[in-house]
Amino acid sequence: MQKTDEIDRRILDVLQRDATLSQRDVADKVGLSQNALWRRLKRLEKAGFIQGARMRLDAAALGLDLTVFVMVRTRNHSVEWADEFRKHIARIPEVAEMHRIGGDWDYMLKVVTRGMAGYDSVYRRITTGFELDTVTGMFSMETMLDDRPLDVRG
């Protein structure tokens, strides 16, 4: 893995906090010329440190008022089965995240949807076509900390 220096880390910190800044604004914040910033950005992208840029949307404003952390336990742990399950879950747009985890559960999914009826529909799609041992949902009552910038200070 390629190393980063202090300037790279400042660039990454500025961009993860506000990817809408112009290159001129980022360059000013980190003390570089626009050309020097552009070269560093290209290097950081090529090395995989930067993986695109997106806008963050307000789920509640869009009517997506329910977040459920779905815990899945299975008896099948083959690589092939896991890959097929991942592909199955990737076809469900309400699943915002999927993690293979250690401990008592095998997978954790973050589902963002419209109310209980929306979750019921997602639950049915998750469980259709796959033999799963246990599936349970934990309903978020309040998001207290979300989408924090990564600590890139080194």
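FYI, the numbering just counts along the sequence from 1.
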>> Is it the case that the side chain of Asp65 and the backbone of Gly115 share a donor-acceptor pair, with hydrogens and angles ignored and the cut-off at 3.5 Å?
In response: yes
>> Using side chain to side chain contact (heavy atoms under 4.5 Å, CB included), reason through Ile11 and Leu32 one step at a time and then give a plain yes or no.
In response: CA-CA 10 Å; Ile11 292 167; Leu32 291 175; 4.0 Å; yes
> So which residues get pulled into Tyr119's cluster when ILVMFWY side chains under 4.5 Å apart are joined, directly or through others?
Replying inline: Leu66, Val68, Val70, Val72, Trp81, Phe85, Ile89, Ile92, Val95, Met98, Tyr107, Leu109, Val111, Met116, Val122, Tyr123, Ile126, Phe130, Leu132, Val135, Phe139
>> Atom CD of residue position Glu6 - does it have more than 12 heavy atoms of other residues, nucleotides or ligands inside 6.0 Å?
In response: yes
>> Donor-acceptor pair, distance only, cut-off 3.5 Å: does the side chain of His88 make one with the backbone of Thr127?
In response: no
> Is it true that Arg40 and Asp8 have a side-chain N and a carboxylate O under 4.0 angstrom from each other?
Replying inline: yes
>> Do Asn76 and Ser78 pair up side chain to side chain, a donor and an acceptor below 3.5 Å, judged on atom types alone?
In response: yes
> Considering residues at least two apart in sequence or located in another chain, which fulfil the salt bridge (Lys or Arg N to Asp or Glu O under 4.0 Å) criterion with Asp133?
Replying inline: Arg75
>> What's the separation between atom CE in Met108 and atom CZ in Arg100, rounded to the nearest 0.5 Å?
In response: 13.5 Å
> Does the pair Leu44 and Leu15 meet the rule for a side chain to side chain contact (heavy atoms under 4.5 Å, CB included), with working shown?
Replying inline: CA-CA 12 Å; Leu44 290 166; Leu15 287 175; over 6 Å; no
>> Strictly by ring pair (Phe, Tyr, Trp, His ring centres under 6.0 Å), give each pair with a member in residues 13-44 just once, sequence neighbours left out.
In response: none
>> The criterion is side chain to side chain donor-acceptor pair (under 3.5 Å); which residues satisfy it with Arg86, sequence neighbours excluded?
In response: Asp83
Give the table of side-chain donor-acceptor pairs shorter than 3.5 Å for residues 140-150, with sequence neighbours excluded, one pair per line with atom names and distance.
residue: Asp146; atom: OD2; partner: Arg56; partner atom: NH2; Å: 2.5
residue: Asp147; atom: OD2; partner: Arg56; partner atom: NE; Å: 3.1

> Can you list the other members of the hydrophobic cluster that holds Val79, where links are side-chain heavy atoms under 4.5 angstrom apart?
Replying inline: none
> If we only count heavy atoms from C-beta on, is the Thr136 to Arg73 side-chain gap below 4.5 Å?
Replying inline: no
> Looking at side-chain heavy atoms only, is the closest gap between Met71 and Asp104 below 4.5 Å?
Replying inline: no
> Is there side-chain contact between Asp18 and Asp25, with at least one heavy-atom pair below 4.5 Å?
Replying inline: no
>> Is there a side-chain contact between Lys46 and Arg43 in this structure, where contact means two heavy atoms from C-beta onward sitting under 4.5 Å apart?
In response: no
> With Asp13, which of Arg9, Arg17, Arg10 fulfils side-chain hydrogen bond (donor to acceptor under 3.5 Å, both in side chains)?
Replying inline: Arg17
>> Against Gln34, only a single residue in Gln23, Arg39, Arg24 fulfils side-chain hydrogen bond (donor to acceptor under 3.5 Å, both in side chains); can you say which?
In response: Arg24
